[in-house]
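Because the structure is a prediction, the values reported are computed rather than measured. Just so you know, these numbers use all the heavy atoms, side chains as well, and skip hydrogens, waters and symmetry mates. We number each residue from 1, following the sequence as shown.
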Amino acid sequence: MIQPFHDSSPARILVVDDEPNIRAPLVRALELSGYIAESAESGQRALEMLKATAYDLMILDLRMPGVDGVEVMRAARQIAPDLILLILTGHATLQSAIAAVKAGATDYLIKPLSAHQIIAAIQNALQKRSQQTRRQHLIQTALAALRAVEMIETTALPPNIPPHPTSPPRERFHQRGLLTLDRARRIVIVNRTPPHSASLTEGEARVLECLLDAANQPLACQQIAQRVWQYSVSELEAETLVRPYIFRLRQKIEIDPQNPVLIRTIRGRGYLCAPEAE
């Protein structure tokens, strides 16, 4: 569950550097700026601290004795997937920059930098995370509201009354290949032998209709969110909104939901409805 970000709570920051003349002044500057700051003199010590304490951000030197910075980043991602990672290095190379980005670094800072410049980078990273977290929380809230509305409609509406009688009239049945959607009763019929039918919530019916309209063409989650709910959101936020509907539709229409053939995932492109698949 995504929790709302609270600006009133000071961020907890871990400074990881084997040079005490860099580590100690930076921790002090962060504390004076209102952050909770702690330090580690090695990658191994940093990982031990991450296991014991929840940090919001880690600023990390790449070159240290023992476990190097990139290895620390990879291990840190396993321990704390939401941790913001900033690299601070005096040995910048293209190779190290690429490795840092692949390991999930938010920013790549090159020494020497003043404490003011480092703190500005930290503030920028925390602000971006705060905005992202707020948006994700709003999406989760909207999704919960949609589910609540669907539960009310499912129990309150007679099965033969369309959910939106004022909408422009359309054909009652939308048939493509093995799939037939009864718009009025919100039922999907899978024309196998023997035929199978399942009741749908309004959201499930609208998502399925969207996929049927674009049958055999992949749709990104952003496209589905825009067409079904007229939501303009990022792809990540759209995935949070759309995936639960895809999951439930697969449970209702696929023979093996773990290996779907009627609603397929096309890597990097979205979901594709293949109603003639079987």
Identify the heavy atoms of [X] and [Y] that sit nearest to each other, and give their distance.
X	Y	answer
A115	A29	CB-CB, 3.9 Å
A37	E31	O-OE2, 3.6 Å
Q223	A220	OE1-N, 2.8 Å
S42	V16	O-CG1, 3.7 Å
P10	G34	CB-O, 3.3 Å
A11	L126	CB-CD1, 3.7 Å

For the side chain of [X] and the backbone of [Y], is there at least one donor-acceptor N/O pair under 3.5 Å apart?
X	Y	answer
R12	D56	no
Q217	A214	no
R264	V261	yes

request  = Start with the C-alpha gap between L211 and I224, add the side-chain angles, then the distance that decides, and say whether side-chain contact (heavy atoms from CB on, under 4.5 Å) holds.
outcome  = CA-CA 8 Å; L211 293 171; I224 297 172; 4.1 Å; yes
Once rounded to the nearest 0.5 Å, what's the spacing between atom [atom1] of [X] and atom [atom2] of [Y]?
X	Y	atom1	atom2	value
L30	I36	CG	CD1	11.5 Å
C273	L208	SG	CG	6.0 Å
Y271	E239	OH	CD	7.0 Å
I187	L181	CD1	CG	10.0 Å
L249	L262	CG	CG	10.5 Å
E41	D61	CD	CG	13.0 Å

Are side-chain heavy atoms of [X] and [Y] found at a separation under 4.5 Å?
X	Y	answer
N216	P275	yes
E38	I13	no
Q123	Y35	yes
L57	L14	no
L60	M73	yes
V70	V72	no
I87	I59	no
V188	D182	no

Distance-only donor-acceptor check, side chains [X] and [Y], under 3.5 Å:
X	Y	result
D213	H174	yes
T180	N191	yes
T240	E237	no
Q226	S232	yes

inquiry  = One pair to check against side-chain contact (heavy atoms from CB on, under 4.5 Å): W229 and V207. What are the steps and the verdict?
reply    = CA-CA 9 Å; W229 297 285; V207 170; 3.7 Å; yes
Any Lys/Arg nitrogen of [X] or [Y] sitting under 4.0 Å from an Asp/Glu carboxylate oxygen of the other?
X	Y	answer
E254	R250	no
E19	R23	no
E48	K51	no
R183	E209	yes

[X], [Y]: one ILVMFWY side-chain cluster at the under-4.5 Å cut-off?
X	Y	result
L212	I189	no
M58	I79	yes
L272	L179	no

inquiry  = Quick one, R206 with L200, criterion side-chain contact (heavy atoms from CB on, under 4.5 Å). Give me CA distance, side-chain angles, the key distance, then yes/no.
reply    = CA-CA 9 Å; R206 292 172 69 183; L200 304 177; over 6 Å; no
request  = Applying side-chain contact (heavy atoms from CB on, under 4.5 Å), run through S199 and R186 and close with a yes or a no.
outcome  = CA-CA 6 Å; S199 298; R186 293 204 303 264; over 6 Å; no
